[in-house]
Q: 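Pasting a structure below so you can have a look.
What you see below is based on every heavy atom in this structure, not just the backbone, and it leaves out hydrogens, waters and symmetry mates. To find a chain, count down the sequence lines: A is the first, B the second, and so on, and within it residues start at 1. Fair warning: this is a prediction, and the values are worked out from it, not measured in the lab.
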There are 2 protein chains.
Amino acid sequence: MARPRQALLTRERIVEAAAVLIDAEGLDACSMRRLATELGVQGPSLYNHFATKAEIVDAVAEAVVAQVDISVFRGNDWREGLRLWAKSYHAVLAAHPHIVPVLATGPGRRPAGLAMAEAVYGALIEAGWSRARATHIGALMRYLITGSALGSFALGFEADPDLYDRFPHLHRAHELAAHRAAVDEGAFELGLDLLINSLSDRYDQGVRR
Amino acid sequence: MARPRQALLTRERIVEAAAVLIDAEGLDACSMRRLATELGVQGPSLYNHFATKAEIVDAVAEAVVAQVDISVFRGNDWREGLRLWAKSYHAVLAAHPHIVPVLATGPGRRPAGLAMAEAVYGALIEAGWSRARATHIGALMRYLITGSALGSFALGFEADPDLYDRFPHLHRAHELAAHRAAVDEGAFELGLDLLINSLSDRYDQGVRR
DNA sequence: TGTAAAAACTTACGCCGCTAGTTTAAGCAC
DNA sequence: GTGCTTAAACTAGCGGCGTAAGTTTTTACA
(Lines give C-alpha, C1' and ligand atoms only; values in the text may rest on other atoms or scores of the structure.)
Protein backbone atom coordinates (compact mmCIF):
# COMPACT_ATOMS: atom_id res chain seq x y z
CA MET A 1 0.00 0.00 0.00
CA ALA A 2 1.29 3.44 -0.84
CA ARG A 3 -0.26 6.61 0.45
CA PRO A 4 -4.00 5.99 0.93
CA ARG A 5 -6.69 8.39 -0.34
CA GLN A 6 -7.81 8.89 3.23
CA ALA A 7 -5.12 8.88 5.92
CA LEU A 8 -5.37 5.78 8.10
CA LEU A 9 -3.67 7.36 11.08
CA THR A 10 -3.89 10.60 13.01
CA ARG A 11 -2.04 11.55 16.16
CA GLU A 12 -5.34 11.38 18.01
CA ARG A 13 -6.16 7.85 16.82
CA ILE A 14 -2.66 6.67 17.73
CA VAL A 15 -2.79 8.11 21.23
CA GLU A 16 -6.26 6.73 21.79
CA ALA A 17 -5.21 3.23 20.70
CA ALA A 18 -2.05 3.42 22.82
CA ALA A 19 -4.08 4.46 25.86
CA VAL A 20 -6.49 1.56 25.40
CA LEU A 21 -3.64 -0.90 24.92
CA ILE A 22 -1.72 0.34 27.95
CA ASP A 23 -4.82 0.30 30.14
CA ALA A 24 -5.69 -3.21 29.02
CA GLU A 25 -2.32 -4.93 28.86
CA GLY A 26 0.29 -2.62 30.34
CA LEU A 27 3.23 -0.60 29.09
CA ASP A 28 5.21 -3.61 27.88
CA ALA A 29 2.42 -4.69 25.56
CA CYS A 30 2.48 -1.33 23.86
CA SER A 31 5.25 -1.92 21.31
CA MET A 32 5.32 -0.01 18.06
CA ARG A 33 4.54 -3.13 16.04
CA ARG A 34 1.73 -4.21 18.33
CA LEU A 35 0.22 -0.74 18.46
CA ALA A 36 0.41 -0.52 14.67
CA THR A 37 -1.34 -3.88 14.37
CA GLU A 38 -4.18 -2.60 16.54
CA LEU A 39 -4.51 0.30 14.12
CA GLY A 40 -4.43 -1.94 11.03
CA VAL A 41 -1.07 -0.68 9.86
CA GLN A 42 2.62 -1.68 9.72
CA GLY A 43 4.94 -0.66 12.55
CA PRO A 44 7.11 2.04 10.99
CA SER A 45 4.09 3.95 9.68
CA LEU A 46 3.67 5.38 13.15
CA TYR A 47 6.88 7.36 12.62
CA ASN A 48 5.06 9.52 10.08
CA HIS A 49 3.15 10.97 13.04
CA PHE A 50 5.47 10.70 16.05
CA ALA A 51 9.25 10.91 16.12
CA THR A 52 9.74 8.33 18.88
CA LYS A 53 7.81 5.87 20.96
CA ALA A 54 8.46 8.05 24.02
CA GLU A 55 6.45 10.83 22.39
CA ILE A 56 3.45 8.54 22.07
CA VAL A 57 3.66 7.38 25.67
CA ASP A 58 4.08 10.98 26.80
CA ALA A 59 0.95 11.93 24.91
CA VAL A 60 -0.95 9.16 26.68
CA ALA A 61 0.33 10.44 30.04
CA GLU A 62 -0.71 13.95 29.08
CA ALA A 63 -4.22 12.77 28.24
CA VAL A 64 -4.50 11.08 31.62
CA VAL A 65 -3.30 14.12 33.55
CA ALA A 66 -5.80 16.25 31.63
CA GLN A 67 -8.60 14.25 33.25
CA VAL A 68 -7.76 15.54 36.72
CA ASP A 69 -10.26 18.08 37.92
CA ILE A 70 -8.47 21.36 38.64
CA SER A 71 -11.64 23.44 38.66
CA VAL A 72 -12.07 22.61 42.35
CA PHE A 73 -9.67 25.36 43.35
CA ARG A 74 -12.15 27.95 42.17
CA GLY A 75 -14.83 28.76 44.72
CA ASN A 76 -13.29 26.62 47.43
CA ASP A 77 -11.08 27.32 50.41
CA TRP A 78 -7.48 26.20 49.71
CA ARG A 79 -7.92 23.28 52.11
CA GLU A 80 -11.00 21.99 50.37
CA GLY A 81 -9.51 22.67 46.96
CA LEU A 82 -6.41 20.69 47.83
CA ARG A 83 -8.44 17.80 49.18
CA LEU A 84 -10.80 17.59 46.21
CA TRP A 85 -7.97 17.92 43.70
CA ALA A 86 -5.95 15.20 45.43
CA LYS A 87 -8.93 12.86 45.41
CA SER A 88 -9.57 13.51 41.74
CA TYR A 89 -5.90 12.94 40.89
CA HIS A 90 -5.87 9.77 42.97
CA ALA A 91 -9.00 8.47 41.25
CA VAL A 92 -7.63 9.17 37.78
CA LEU A 93 -4.40 7.32 38.54
CA ALA A 94 -6.30 4.41 40.06
CA ALA A 95 -8.26 4.15 36.81
CA HIS A 96 -5.06 4.06 34.72
CA PRO A 97 -2.48 2.30 36.87
CA HIS A 98 -0.20 1.19 34.04
CA ILE A 99 0.75 4.71 33.03
CA VAL A 100 1.61 5.81 36.57
CA PRO A 101 5.33 4.95 36.37
CA VAL A 102 5.63 7.34 33.44
CA LEU A 103 3.97 10.14 35.39
CA ALA A 104 5.84 9.47 38.60
CA THR A 105 9.28 9.26 37.03
CA GLY A 106 9.30 11.84 34.30
CA PRO A 107 9.11 15.60 34.43
CA GLY A 108 5.75 17.31 34.35
CA ARG A 109 6.41 19.81 31.64
CA ARG A 110 3.52 18.81 29.40
CA PRO A 111 0.71 21.36 29.11
CA ALA A 112 -1.77 19.54 31.35
CA GLY A 113 0.91 19.04 33.98
CA LEU A 114 1.80 22.71 33.91
CA ALA A 115 -1.85 23.74 34.09
CA MET A 116 -2.20 21.54 37.14
CA ALA A 117 0.91 23.00 38.78
CA GLU A 118 -0.40 26.48 38.07
CA ALA A 119 -3.74 25.68 39.69
CA VAL A 120 -2.27 24.09 42.82
CA TYR A 121 0.53 26.57 43.32
CA GLY A 122 -1.69 29.52 42.50
CA ALA A 123 -4.30 28.49 45.03
CA LEU A 124 -1.67 28.17 47.75
CA ILE A 125 -0.02 31.47 46.92
CA GLU A 126 -3.32 33.30 46.88
CA ALA A 127 -4.19 31.78 50.23
CA GLY A 128 -1.08 33.43 51.61
CA TRP A 129 1.49 30.62 51.71
CA SER A 130 5.05 31.63 50.97
CA ARG A 131 6.46 30.67 47.58
CA ALA A 132 8.87 28.20 49.13
CA ARG A 133 6.17 26.54 51.23
CA ALA A 134 3.69 26.43 48.40
CA THR A 135 6.30 24.61 46.34
CA HIS A 136 6.94 22.15 49.15
CA ILE A 137 3.26 21.48 49.62
CA GLY A 138 2.77 20.87 45.92
CA ALA A 139 5.70 18.46 45.81
CA LEU A 140 4.51 16.71 48.92
CA MET A 141 1.05 16.12 47.52
CA ARG A 142 2.61 14.68 44.40
CA TYR A 143 4.70 12.31 46.51
CA LEU A 144 1.65 11.02 48.33
CA ILE A 145 -0.51 10.67 45.23
CA THR A 146 1.99 9.04 42.90
CA GLY A 147 3.53 6.99 45.68
CA SER A 148 0.18 5.51 46.57
CA ALA A 149 -0.73 4.89 42.92
CA LEU A 150 2.48 3.08 42.01
CA GLY A 151 1.82 -0.21 43.59
CA SER A 152 -0.48 -1.79 46.08
CA PHE A 153 1.03 -1.92 49.53
CA ALA A 154 -1.36 -4.67 50.52
CA LEU A 155 -0.56 -6.84 47.50
CA GLY A 156 3.10 -6.73 48.43
CA PHE A 157 2.42 -9.45 50.97
CA GLU A 158 1.69 -12.67 49.22
CA ALA A 159 -0.77 -15.28 50.23
CA ASP A 160 1.65 -17.86 51.59
CA PRO A 161 1.50 -17.59 55.40
CA ASP A 162 4.70 -19.65 55.83
CA LEU A 163 6.73 -16.76 54.43
CA TYR A 164 6.19 -14.87 57.65
CA ASP A 165 7.30 -17.49 60.13
CA ARG A 166 10.40 -15.54 61.02
CA PHE A 167 8.48 -12.28 61.47
CA PRO A 168 6.13 -12.58 64.44
CA HIS A 169 4.28 -9.33 63.89
CA LEU A 170 3.58 -10.23 60.28
CA HIS A 171 1.91 -13.54 61.02
CA ARG A 172 -1.35 -12.21 59.61
CA ALA A 173 0.17 -10.21 56.78
CA HIS A 174 -1.05 -12.72 54.20
CA GLU A 175 -4.59 -11.58 54.97
CA LEU A 176 -3.83 -8.09 53.68
CA ALA A 177 -4.24 -8.98 50.03
CA ALA A 178 -7.89 -9.85 50.60
CA HIS A 179 -8.55 -6.33 51.89
CA ARG A 180 -6.38 -4.67 49.27
CA ALA A 181 -8.73 -1.81 48.40
CA ALA A 182 -9.59 -0.96 51.98
CA VAL A 183 -5.96 -1.00 53.10
CA ASP A 184 -4.63 1.07 50.22
CA GLU A 185 -7.51 3.54 50.32
CA GLY A 186 -7.32 3.80 54.08
CA ALA A 187 -3.66 4.70 53.96
CA PHE A 188 -4.21 7.31 51.29
CA GLU A 189 -7.14 8.86 53.13
CA LEU A 190 -5.20 8.92 56.36
CA GLY A 191 -2.28 10.63 54.65
CA LEU A 192 -4.52 13.20 53.06
CA ASP A 193 -6.27 13.94 56.35
CA LEU A 194 -3.06 14.22 58.31
CA LEU A 195 -1.33 16.46 55.80
CA ILE A 196 -4.19 18.82 55.14
CA ASN A 197 -5.31 19.04 58.76
CA SER A 198 -1.85 19.78 60.06
CA LEU A 199 -1.20 22.30 57.30
CA SER A 200 -4.52 23.86 58.20
CA ASP A 201 -3.49 24.10 61.85
CA ARG A 202 -0.21 25.80 60.96
CA TYR A 203 -2.06 28.15 58.64
CA ASP A 204 -4.57 29.11 61.30
CA GLN A 205 -1.71 29.81 63.68
CA GLY A 206 -0.26 32.19 61.17
CA VAL A 207 2.68 29.97 60.21
CA ARG A 208 2.66 30.25 56.43
CA ARG A 209 6.24 29.73 55.44
CA MET B 1 36.13 -21.89 26.94
CA ALA B 2 34.48 -24.80 28.71
CA ARG B 3 34.07 -25.03 32.43
CA PRO B 4 36.97 -23.16 34.08
CA ARG B 5 38.99 -24.63 36.94
CA GLN B 6 37.88 -21.76 39.13
CA ALA B 7 34.33 -20.50 38.60
CA LEU B 8 34.36 -17.04 37.02
CA LEU B 9 30.96 -16.08 38.37
CA THR B 10 29.12 -16.24 41.66
CA ARG B 11 25.70 -14.86 42.51
CA GLU B 12 27.40 -12.29 44.71
CA ARG B 13 29.77 -11.08 41.99
CA ILE B 14 26.89 -10.80 39.53
CA VAL B 15 24.71 -8.81 41.91
CA GLU B 16 27.59 -6.54 42.84
CA ALA B 17 28.42 -5.83 39.19
CA ALA B 18 24.75 -5.24 38.39
CA ALA B 19 24.44 -2.80 41.28
CA VAL B 20 27.48 -0.86 40.13
CA LEU B 21 26.22 -0.76 36.55
CA ILE B 22 22.73 0.34 37.54
CA ASP B 23 24.05 3.03 39.86
CA ALA B 24 26.42 4.34 37.21
CA GLU B 25 24.34 4.11 34.04
CA GLY B 26 20.79 3.22 34.96
CA LEU B 27 18.49 0.25 34.57
CA ASP B 28 18.47 0.33 30.78
CA ALA B 29 22.24 -0.04 30.61
CA CYS B 30 22.04 -3.23 32.64
CA SER B 31 21.36 -5.74 29.88
CA MET B 32 22.44 -9.35 30.23
CA ARG B 33 25.09 -9.00 27.53
CA ARG B 34 26.45 -5.77 28.93
CA LEU B 35 26.49 -7.09 32.47
CA ALA B 36 28.28 -10.23 31.28
CA THR B 37 30.86 -8.10 29.47
CA GLU B 38 31.58 -6.23 32.70
CA LEU B 39 32.21 -9.60 34.31
CA GLY B 40 34.45 -10.82 31.48
CA VAL B 41 31.99 -13.45 30.31
CA GLN B 42 29.45 -14.15 27.56
CA GLY B 43 25.79 -13.18 28.07
CA PRO B 44 24.06 -16.53 28.52
CA SER B 45 26.57 -17.67 31.14
CA LEU B 46 24.63 -15.62 33.66
CA TYR B 47 21.79 -18.11 33.35
CA ASN B 48 23.91 -20.67 35.13
CA HIS B 49 23.41 -18.58 38.27
CA PHE B 50 20.08 -16.79 37.85
CA ALA B 51 16.98 -18.01 36.07
CA THR B 52 15.95 -14.61 34.71
CA LYS B 53 17.14 -11.05 34.49
CA ALA B 54 14.35 -10.03 36.88
CA GLU B 55 15.93 -12.20 39.58
CA ILE B 56 19.17 -10.29 39.25
CA VAL B 57 17.48 -6.90 39.43
CA ASP B 58 15.45 -8.10 42.41
CA ALA B 59 18.63 -9.14 44.16
CA VAL B 60 20.07 -5.66 43.59
CA ALA B 61 16.91 -4.13 45.04
CA GLU B 62 17.14 -6.47 47.99
CA ALA B 63 20.74 -5.41 48.63
CA VAL B 64 19.71 -1.76 48.60
CA VAL B 65 16.82 -2.27 51.01
CA ALA B 66 19.15 -4.17 53.32
CA GLN B 67 21.15 -0.96 53.77
CA VAL B 68 18.26 0.79 55.50
CA ASP B 69 18.85 1.11 59.23
CA ILE B 70 16.04 -0.65 61.08
CA SER B 71 17.90 -0.82 64.37
CA VAL B 72 16.57 2.65 65.20
CA PHE B 73 13.30 1.20 66.43
CA ARG B 74 15.10 -0.39 69.34
CA GLY B 75 15.60 1.98 72.24
CA ASN B 76 13.63 4.82 70.69
CA ASP B 77 10.12 6.07 71.08
CA TRP B 78 7.95 5.03 68.08
CA ARG B 79 7.95 8.64 66.85
CA GLU B 80 11.71 8.93 66.88
CA GLY B 81 12.12 5.44 65.45
CA LEU B 82 9.79 6.25 62.59
CA ARG B 83 11.58 9.50 61.86
CA LEU B 84 15.08 8.02 61.92
CA TRP B 85 14.04 5.02 59.85
CA ALA B 86 12.38 7.24 57.26
CA LYS B 87 15.47 9.41 56.98
CA SER B 88 17.71 6.38 56.59
CA TYR B 89 15.41 4.90 53.92
CA HIS B 90 15.26 8.24 52.14
CA ALA B 91 19.05 8.57 52.18
CA VAL B 92 19.57 5.05 50.83
CA LEU B 93 17.17 5.66 47.95
CA ALA B 94 18.78 9.02 47.19
CA ALA B 95 22.12 7.21 46.93
CA HIS B 96 20.69 4.65 44.47
CA PRO B 97 18.05 6.49 42.46
CA HIS B 98 18.06 4.19 39.44
CA ILE B 99 16.75 1.20 41.35
CA VAL B 100 13.87 3.11 42.95
CA PRO B 101 11.29 2.29 40.26
CA VAL B 102 11.86 -1.40 40.98
CA LEU B 103 11.29 -0.89 44.70
CA ALA B 104 8.33 1.41 44.28
CA THR B 105 6.47 -0.76 41.81
CA GLY B 106 7.12 -4.29 42.88
CA PRO B 107 6.05 -6.18 45.96
CA GLY B 108 8.21 -6.16 49.06
CA ARG B 109 8.36 -9.86 49.71
CA ARG B 110 12.13 -10.16 49.68
CA PRO B 111 13.74 -10.91 53.05
CA ALA B 112 15.10 -7.41 53.68
CA GLY B 113 11.72 -5.90 52.77
CA LEU B 114 9.95 -8.24 55.16
CA ALA B 115 12.43 -7.54 57.93
CA MET B 116 11.79 -3.84 57.42
CA ALA B 117 8.02 -4.31 57.48
CA GLU B 118 8.36 -6.35 60.65
CA ALA B 119 10.40 -3.63 62.33
CA VAL B 120 8.09 -0.77 61.36
CA TYR B 121 4.84 -2.60 62.00
CA GLY B 122 6.13 -4.15 65.19
CA ALA B 123 7.19 -0.82 66.63
CA LEU B 124 3.77 0.68 65.91
CA ILE B 125 1.88 -2.28 67.34
CA GLU B 126 3.96 -2.30 70.49
CA ALA B 127 3.36 1.41 70.91
CA GLY B 128 -0.33 0.66 71.01
CA TRP B 129 -1.55 1.48 67.53
CA SER B 130 -4.32 -0.75 66.20
CA ARG B 131 -3.36 -3.30 63.57
CA ALA B 132 -5.32 -1.47 60.89
CA ARG B 133 -3.78 1.91 61.72
CA ALA B 134 -0.29 0.50 61.98
CA THR B 135 -0.71 -0.92 58.49
CA HIS B 136 -1.95 2.43 57.19
CA ILE B 137 0.93 4.28 58.75
CA GLY B 138 3.45 1.88 57.28
CA ALA B 139 1.92 2.20 53.82
CA LEU B 140 1.78 5.95 54.13
CA MET B 141 5.45 6.24 55.01
CA ARG B 142 6.27 4.10 51.99
CA TYR B 143 4.22 6.40 49.77
CA LEU B 144 6.10 9.46 50.98
CA ILE B 145 9.54 7.89 50.79
CA THR B 146 9.26 6.19 47.41
CA GLY B 147 7.21 9.01 45.94
CA SER B 148 9.86 11.53 46.83
CA ALA B 149 12.69 9.30 45.60
CA LEU B 150 11.16 8.58 42.21
CA GLY B 151 11.88 11.83 40.50
CA SER B 152 12.87 15.32 41.33
CA PHE B 153 9.91 17.63 41.61
CA ALA B 154 12.13 20.63 41.04
CA LEU B 155 13.73 19.23 37.90
CA GLY B 156 10.29 18.77 36.39
CA PHE B 157 10.34 22.44 35.48
CA GLU B 158 12.82 23.04 32.74
CA ALA B 159 15.03 26.02 32.31
CA ASP B 160 13.18 27.74 29.49
CA PRO B 161 11.22 30.61 31.08
CA ASP B 162 9.07 31.07 27.95
CA LEU B 163 7.32 27.79 28.69
CA TYR B 164 5.48 29.43 31.54
CA ASP B 165 4.09 32.47 29.75
CA ARG B 166 0.58 31.14 29.94
CA PHE B 167 0.87 30.32 33.64
CA PRO B 168 1.27 33.51 35.65
CA HIS B 169 2.05 31.88 38.97
CA LEU B 170 4.78 29.75 37.40
CA HIS B 171 6.73 32.65 35.96
CA ARG B 172 9.67 31.83 38.21
CA ALA B 173 9.34 28.06 38.03
CA HIS B 174 12.41 27.79 35.82
CA GLU B 175 14.48 28.85 38.83
CA LEU B 176 13.49 25.71 40.72
CA ALA B 177 16.01 23.46 39.00
CA ALA B 178 18.87 25.50 40.44
CA HIS B 179 17.63 24.79 43.96
CA ARG B 180 16.78 21.19 43.24
CA ALA B 181 18.23 19.67 46.41
CA ALA B 182 16.78 22.28 48.75
CA VAL B 183 13.32 22.06 47.20
CA ASP B 184 13.14 18.28 47.15
CA GLU B 185 14.62 17.89 50.60
CA GLY B 186 12.41 20.63 51.99
CA ALA B 187 9.29 18.91 50.73
CA PHE B 188 10.33 15.57 52.18
CA GLU B 189 11.22 17.08 55.53
CA LEU B 190 7.97 18.97 55.65
CA GLY B 191 6.02 15.81 54.88
CA LEU B 192 7.84 13.84 57.53
CA ASP B 193 7.27 16.55 60.14
CA LEU B 194 3.62 16.95 59.32
CA LEU B 195 2.87 13.24 59.32
CA ILE B 196 4.77 12.31 62.45
CA ASN B 197 3.69 15.37 64.43
CA SER B 198 0.03 14.92 63.62
CA LEU B 199 0.19 11.20 64.32
CA SER B 200 1.86 12.07 67.59
CA ASP B 201 -0.94 14.46 68.46
CA ARG B 202 -3.58 11.84 67.78
CA TYR B 203 -1.63 9.33 69.81
CA ASP B 204 -1.34 11.65 72.76
CA GLN B 205 -5.06 12.26 72.62
CA GLY B 206 -5.65 8.53 72.84
CA VAL B 207 -6.78 8.10 69.25
CA ARG B 208 -4.87 5.00 68.20
CA ARG B 209 -7.05 3.40 65.58
C1' DT C 1 37.21 -45.28 37.38
C1' DG C 2 32.74 -44.04 35.62
C1' DT C 3 29.10 -40.87 35.92
C1' DA C 4 26.51 -36.89 36.87
C1' DA C 5 26.41 -32.19 37.63
C1' DA C 6 28.33 -27.60 37.05
C1' DA C 7 29.85 -23.69 34.45
C1' DA C 8 31.62 -21.89 30.76
C1' DC C 9 30.77 -21.69 25.61
C1' DT C 10 28.29 -21.00 20.66
C1' DT C 11 24.32 -20.57 18.02
C1' DA C 12 19.91 -19.04 17.22
C1' DC C 13 14.89 -17.53 17.80
C1' DG C 14 11.63 -13.98 17.99
C1' DC C 15 10.96 -9.81 19.79
C1' DC C 16 12.24 -4.64 20.18
C1' DG C 17 12.98 0.65 18.54
C1' DC C 18 14.16 2.73 14.68
C1' DT C 19 16.34 4.09 9.81
C1' DA C 20 16.43 4.10 4.86
C1' DG C 21 14.52 3.96 0.73
C1' DT C 22 10.23 3.17 -2.27
C1' DT C 23 5.61 4.02 -3.96
C1' DT C 24 1.54 6.45 -4.69
C1' DA C 25 -1.81 10.11 -3.59
C1' DA C 26 -2.79 14.94 -2.44
C1' DG C 27 -2.21 19.81 -2.74
C1' DC C 28 -0.65 23.61 -4.95
C1' DA C 29 1.85 26.79 -8.55
C1' DC C 30 1.89 28.04 -13.05
C1' DG D 1 -4.02 20.37 -16.99
C1' DT D 2 0.87 19.65 -15.92
C1' DG D 3 4.57 19.35 -12.97
C1' DC D 4 6.68 19.63 -8.19
C1' DT D 5 6.66 18.96 -3.47
C1' DT D 6 5.04 16.84 0.42
C1' DA D 7 2.53 13.33 2.99
C1' DA D 8 1.61 8.73 4.39
C1' DA D 9 1.66 4.29 3.66
C1' DC D 10 4.91 0.36 2.49
C1' DT D 11 9.18 -3.22 2.66
C1' DA D 12 13.72 -4.42 4.13
C1' DG D 13 17.02 -4.40 7.44
C1' DC D 14 20.29 -2.97 11.50
C1' DG D 15 21.75 -3.70 16.04
C1' DG D 16 20.18 -4.92 20.51
C1' DC D 17 17.28 -7.41 23.72
C1' DG D 18 15.95 -11.73 26.86
C1' DT D 19 16.47 -16.31 26.70
C1' DA D 20 16.46 -21.44 25.01
C1' DA D 21 19.14 -25.30 23.31
C1' DG D 22 22.93 -27.88 22.84
C1' DT D 23 28.25 -28.48 23.35
C1' DT D 24 32.51 -28.90 25.88
C1' DT D 25 35.31 -29.48 29.68
C1' DT D 26 36.07 -29.74 34.61
C1' DT D 27 34.88 -31.07 39.10
C1' DA D 28 32.93 -34.07 42.70
C1' DC D 29 31.44 -38.12 44.24
C1' DA D 30 29.84 -43.27 44.14
Q: Kindly indicate whether the side chain of A/Arg133, heavy atoms from C-beta on, has any atom under 4.5 Å from the side chain of B/Leu190.
A: yes

Q: Angle class for the B/His169/A/Tyr121 ring planes (parallel below 30°, perpendicular above 60°, tilted otherwise)?
A: perpendicular

Q: Any idea which heavy atoms bring A/Arg79 and A/Asp77 closest together, and the distance?
A: NE-OD2, 2.7 Å

Q: Take the protein atom CG of B/Asn48 and the nucleotide atom C1' of D/dT27, then report the distance between them rounded to whole Å.
A: 14 Å

Q: For B/Ala54 and for B/Gln6, find the nucleotide of DNA chain D with the closest heavy atom, then tell me which residue's nucleotide is more 5'.
A: B/Ala54

Q: Would a 4.5 Å heavy-atom cut-off, applied to side chains only, mark B/His90 and B/Glu185 as touching?
A: yes

Q: If every non-hydrogen atom of B/Asp69 is compared with every non-hydrogen atom of B/Ser88, which pair is closest and at what distance?
A: N-OG, 2.9 Å

Q: Quick one, which residues of residues 30-39 of chain A touch DNA chain D with a heavy atom under 4.0 Å?
A: A/Arg33

Q: Rounded to whole angstroms, how far apart are CG on A/Leu8 and C1' on D/dA8?
A: 8 Å

Q: Hey, can you tell me if B/Trp78 and B/Trp129 have their rings parallel, tilted or perpendicular (30° and 60° cut-offs)?
A: perpendicular

Q: Pairs counted as Watson-Crick or G-U wobble with both distances under 3.5 Å: what dot-bracket string results for DNA chain C, using | for bases tied to another strand?
A: ||||||||||||||||||||||||||||||

Q: side-chain hydrogen bond (donor to acceptor under 3.5 Å, both in side chains) between B/Glu189 and A/His136: does it pass, once the steps are laid out?
A: CA-CA 9 Å; B/Glu189 297 279 345; A/His136 290 159; over 6 Å; no

Q: Nearest whole Å is fine: how far is D/dT26 P from B/Leu9 CG?
A: 18 Å

Q: Determine, stepwise, if the pair B/Leu39 / B/Glu16 fulfils side-chain contact (heavy atoms from CB on, under 4.5 Å).
A: CA-CA 10 Å; B/Leu39 289 159; B/Glu16 170 63 21; over 6 Å; no

Q: Which residue lies toward the 5' end of DNA chain C, A/Ala29 or A/Pro44, if each is placed at its nearest nucleotide?
A: A/Ala29

Q: Of the non-hydrogen atoms in B/Asp23 and B/His98, which two are nearest, and what is the gap between them?
A: O-ND1, 3.3 Å

Q: Using side-chain contact (heavy atoms from CB on, under 4.5 Å), reason through B/Ile99 and B/Leu93 one step at a time and then give a plain yes or no.
A: CA-CA 8 Å; B/Ile99 198 71; B/Leu93 296 194; 5.5 Å; no

Q: Check every nucleotide of DNA chain C for an atom under 4.0 Å from a heavy-atom of chain A, then give the first and the last such nucleotide from 5' to 3'.
A: C/dC16 to C/dA26

Q: Could you go through B/Met32 and B/Ile56, starting from their C-alpha distance and side-chain angles, then the distance that decides it, and tell me whether this counts as side-chain contact (heavy atoms from CB on, under 4.5 Å)?
A: CA-CA 10 Å; B/Met32 294 300 267; B/Ile56 297 178; 4.0 Å; yes

Q: Quickly work out the B/Leu27 CG to D/dC17 P distance and round it to whole Å.
A: 14 Å

